[in-house]
Asker: 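Quick one: this structure, given as structure tokens, is what I'll be asking you about.
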Amino acid sequence: MVLDEECKDCLYNSQMKKVEKDQNDESKLALFKAGVKSLCANPPADYCAPLLMRDINNLHCKIFGRGIDYSREKRLFNCALCTLEDRLYGKIISSREPLREALKYSMAANYIDFARLSDLKEDAVQRVVSAAEEVFVDGEVYASFKEKLARARKLCFLHDNCGEIVLDKILIRVIKKLYKHIKVVSIVRGGAIINDVTVEDAAQIKLYDFAEVVSNGTDVPGTYLKEASPEVINLLKSDVVISKGLGNLETLYGSGYGIFYAFTCKCAHIAKRFGAPLWSSVFTEEKSI
């Protein structure tokens with residue numbers, strides 16, 4: 001998806017708020033601010049938000065000697081959701097429709113996003129749990145999802161943020177319990193970027209117990225096909241592909257692959273494009289070409 005003006009303002013404001021909180025060297029802050037403003041004002045014509053986010057992070061590396069550090073936030077949300085995992089899984093698996101319930105929690109968890117919400121606090125976990133009860137899952141898309149799972153041998157799961165990944169893991173656990181013939185391959189980021197999931201984060205929440213974990217080989221906060229490894233490109237041809245979050249949506253939507261997208265409408269232009277209220281959760285299917 002082409003970069004929207006709203007994305008530029010959002011990334012500029014959220015990242016400046018985060019860096020101003022963490023850094024106190026005024027001269028470097030001024031340099032960073034000017035650089036981010038320039039990046040947001042003059043991106044290449046074919047850019048999307050995840051590529052701009054990587055440029056901002058690379059600028060931070062150049063000025064401050066390392067990328068923007070979200071390690072504390074990542075640990076906080078992974079740990080907070082892990083303490084709820086077994087209770088939530090038990091509640092979901094004993095429900096009348098476990099797959100739908102697990103999907104609702106996974107969808108709602110996409111709210112945890114520091115690229116757009118730089119001041120998230122731990123109470124966001126309870127918001128996610130409460131919001132999951134109200135998530136609407138489109139019946140037609142859900143029926144297609146179930147039909148494809150029933151015939152599938154391999155499922156490719158494109159993950160997004162820390163914290164969120166724990167509820168993705170619950171969805172994977174439910175899928176593997178209901179569809180024992182399915183092998184799940186989880187794709188995570190190839191390098192630290194915002195609060196996106198890396199192989200180290202996947203290990204922390206023990207995702208390896210239920211899925212093979214593969215790095216996409218890049219530090220773009222999405223699945224950028226021009227830099228994705230041949231292994232990742234091949235996995236996008238799996239029987240079922242689930243894509244979480246806006247970064248994956250913005251880098252993959254319209255690329256020709258058959259993908260189920262699950263995300264929260266955190267941006268007005270995304271909400272308008274998919275005909276959904278701002279901050280609502282969406283589950284939609286794009287057919288393969």
Side-chain angles (χ1 to χ4, degrees), residues 1 4 49 88-89 91-113 116 127-152 154-161 163-179 182 184 186-187 222-223 236-289:
M1 288 184 176
D4 187 271
L88 289 176
Y89 176 77
K91 175 183 177 182
I92 289 166
I93 205 64
S94 62
S95 68
R96 181 174 298 179
E97 185 75 29
L99 180 63
R100 185 191 293 269
E101 287 303 302
L103 179 60
K104 287 166 61 176
Y105 277 92
S106 178
M107 290 166 65
N110 188 236
Y111 175 81
I112 304 171
D113 183 351
R116 290 167 173 80
R127 290 190 208 176
V128 166
V129 172
S130 299
E133 303 293 337
E134 308 301 323
V135 166
F136 169 74
V137 180
D138 182 276
E140 185 176 336
V141 178
Y142 181 64
S144 176
F145 183 54
K146 288 181 69 176
E147 187 271 330
K148 286 181 169 61
L149 285 174
R151 295 186 288 105
K154 181 178 287 187
L155 184 153
C156 171
F157 204 122
L158 301 158
H159 295 282
D160 191 25
N161 299 322
E164 174 183 359
I165 196 175
V166 179
L167 295 178
D168 294 343
K169 178 186 170 187
I170 291 176
L171 174 57
I172 290 170
R173 290 177 64 182
V174 170
I175 289 172
K176 288 182 71 71
K177 184 172 181 64
L178 298 177
Y179 305 92
I182 290 181
V184 179
S186 287
I187 299 179
T223 305
L236 291 175
K237 302 170 188 174
S238 298
D239 303 310
V240 178
V241 180
I242 302 173
S243 165
K244 287 296 304 294
L246 296 185
N248 287 321
L249 177 77
E250 288 162 329
T251 48
L252 282 174
Y253 196 79
S255 61
Y257 292 97
I259 298 175
F260 290 96
Y261 291 94
F263 56 90
T264 297
C265 292
K266 303 163 199 165
C267 310
H269 73 279
I270 294 290
K272 182 178 180 180
R273 174 145 192 183
F274 290 93
L278 190 63
W279 296 109
S280 65
S281 296
V282 171
F283 186 55
T284 188
E285 180 183 11
E286 186 176 30
K287 306 284 187 177
S288 61
I289 296 175

Asker: Heavy atoms only: give me the nearest E250-A49 pair and the separation to one decimal.
Answerer: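 Nearest pair, atom of E250 first, then A49: OE1-CB, 3.8 Å.
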Asker: Is there a side chain to side chain contact (heavy atoms under 4.5 Å, CB included) between S238 and L155? Walk through the geometry before answering.
Answerer: CA-CA 6 Å; S238 298; L155 184 153; over 6 Å; no
Asker: Run the numbers on I165 and F157 for side chain to side chain contact (heavy atoms under 4.5 Å, CB included), then give the verdict.
Answerer: CA-CA 11 Å; I165 196 175; F157 204 122; over 6 Å; no
Asker: With distance as the sole criterion, is a donor-acceptor pair present between the side chains of Y257 and K287 under 3.5 Å?
Answerer: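 No, no side-chain donor-acceptor pair sits under 3.5 Å.
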Asker: What distance do T251 atom OG1 and L246 atom CG have between them, rounded to the nearest 0.5 Å?
Answerer: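 Reported to 0.5 Å precision, the distance equals 10.5 Å.
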Asker: Atom OG of S94 and atom OH of Y89: how far apart are they, to the nearest 0.5 Å?
Answerer: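 With rounding to 0.5 Å, OG (S94) is 10.0 Å from OH (Y89).
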Asker: Are the side chains of S243 and T223 in contact, using a 4.5 Å heavy-atom criterion?
Answerer: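 When only atoms from C-beta onward are counted, S243 and T223 do not touch, as no gap falls below 4.5 Å.
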Asker: Quick one: do the N110 and D160 side chains pair a donor with an acceptor below 3.5 Å?
Answerer: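 There is such a pair (donor and acceptor under 3.5 Å, judged by atom type) between the side chains of N110 and D160.
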Asker: Give me the atom names and distance for the closest heavy-atom approach of D138 to F283.
Answerer: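 Looks like CB-O, 4.2 Å.
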Asker: Could you pull out all residues at least two apart from S144 that satisfy side-chain hydrogen bond (donor to acceptor under 3.5 Å, both in side chains)?
Answerer: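 Only K148, E285 meet the side-chain hydrogen bond (donor to acceptor under 3.5 Å, both in side chains) criterion with S144.
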Asker: Quick one: pull up CG in N248 and CG in L158 and give me the separation to the nearest 0.5 Å.
Answerer: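 The CG atom of L158 is 5.0 Å from CG of N248, to the nearest 0.5 Å.
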Asker: Atom CZ of F260 and atom CG of L103: how far apart are they, to the nearest 0.5 Å?
Answerer: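 That separation rounds to 10.0 Å.
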Asker: For the residue pair L236 and L252, establish whether any side-chain heavy-atom pair is separated by less than 4.5 Å.
Answerer: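 Heavy-atom side-chain distance check passes, below 4.5 Å.
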Asker: Step by step, would you call V137 with K104 a side chain to side chain contact (heavy atoms under 4.5 Å, CB included)?
Answerer: CA-CA 7 Å; V137 180; K104 287 166 61 176; 3.6 Å; yes
Asker: Regarding E164 and Y105, is there a side-chain donor-to-acceptor distance under 3.5 Å anywhere?
Answerer: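 The answer is no; no qualifying pair exists.
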Asker: Please list, chain by chain and in numerical order, all residues satisfying side-chain hydrogen bond (donor to acceptor under 3.5 Å, both in side chains) with Y142, sequence neighbours excluded.
Answerer: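 In terms of side-chain hydrogen bond (donor to acceptor under 3.5 Å, both in side chains), with neighbours along the sequence ignored, Y142 is linked to E97.
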Asker: So, do I242 and H159 sit near enough that their side-chain heavy atoms are less than 4.5 Å apart?
Answerer: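 Heavy-atom side-chain distance check fails, nothing below 4.5 Å.
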Asker: Do L149 and L178 have side chains that get closer than 4.5 Å, going by heavy atoms?
Answerer: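 No, side chains not in contact.
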Asker: Looking only at heavy atoms, what is the nearest atom pair of C265 and L278, with distance?
Answerer: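 Between these two residues, the closest heavy atoms are O-CD1, 3.3 Å.
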Asker: Measure across I93 and P98 and return the closest heavy-atom pair with its distance rounded to 0.1 Å.
Answerer: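 Nearest heavy atoms, I93 then P98: O-CG, 3.7 Å.
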Asker: Of R173, K169, K176, which meets side chain to side chain contact (heavy atoms under 4.5 Å, CB included) against V184?
Answerer: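 One option only clears the test, and that one is K176.
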Asker: With a 4.5 Å limit on heavy-atom distance, are the side chains of C156 and V240 in contact?
Answerer: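 Sidechains of V240 and C156: no contact.
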Asker: State, to 0.1 Å, how close F136 and M107 come at their nearest heavy-atom pair, and which atoms those are.
Answerer: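 Taking F136 first and M107 second, the nearest heavy atoms are O-CE, 3.9 Å.
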Asker: I want to check something: taking the side chain as every heavy atom from C-beta on, are Y253 and F263 in contact at a cut-off of under 4.5 Å?
Answerer: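 A side-chain contact is absent here, since even the closest heavy-atom pair is not under 4.5 Å.
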Asker: To the nearest 0.5 Å, what is the distance between OG on S106 and CG on D168?
Answerer: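 If I round to the nearest 0.5 Å, the distance is 4.0 Å.
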Asker: Among all residues two or more places apart in sequence or in another chain, which pass the salt bridge (charged side-chain N to carboxylate O under 4.0 Å, His left out) test with E140?
Answerer: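 Scan of E140 (salt bridge (charged side-chain N to carboxylate O under 4.0 Å, His left out), adjacent residues dropped) gives none.
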Asker: Please test L99 against F145 for side chain to side chain contact (heavy atoms under 4.5 Å, CB included), starting from the C-alpha separation and ending with a verdict.
Answerer: CA-CA 10 Å; L99 180 63; F145 183 54; 4.0 Å; yes
Asker: Got S280 and T264 here, is their nearest side-chain heavy-atom distance under 4.5 Å?
Answerer: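 They are not in contact (no side-chain heavy atoms under 4.5 Å apart), so the answer is no.
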Asker: Which heavy atom of A109 sits nearest a heavy atom of L167, and at what distance?
Answerer: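 Looks like CB-CD1, 3.5 Å.
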Asker: How many angstroms lie between NE2 in H269 and CZ in R273, if you round to the nearest 0.5 Å?
Answerer: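 Nearest 0.5 Å value for the NE2-CZ distance: 8.5 Å.
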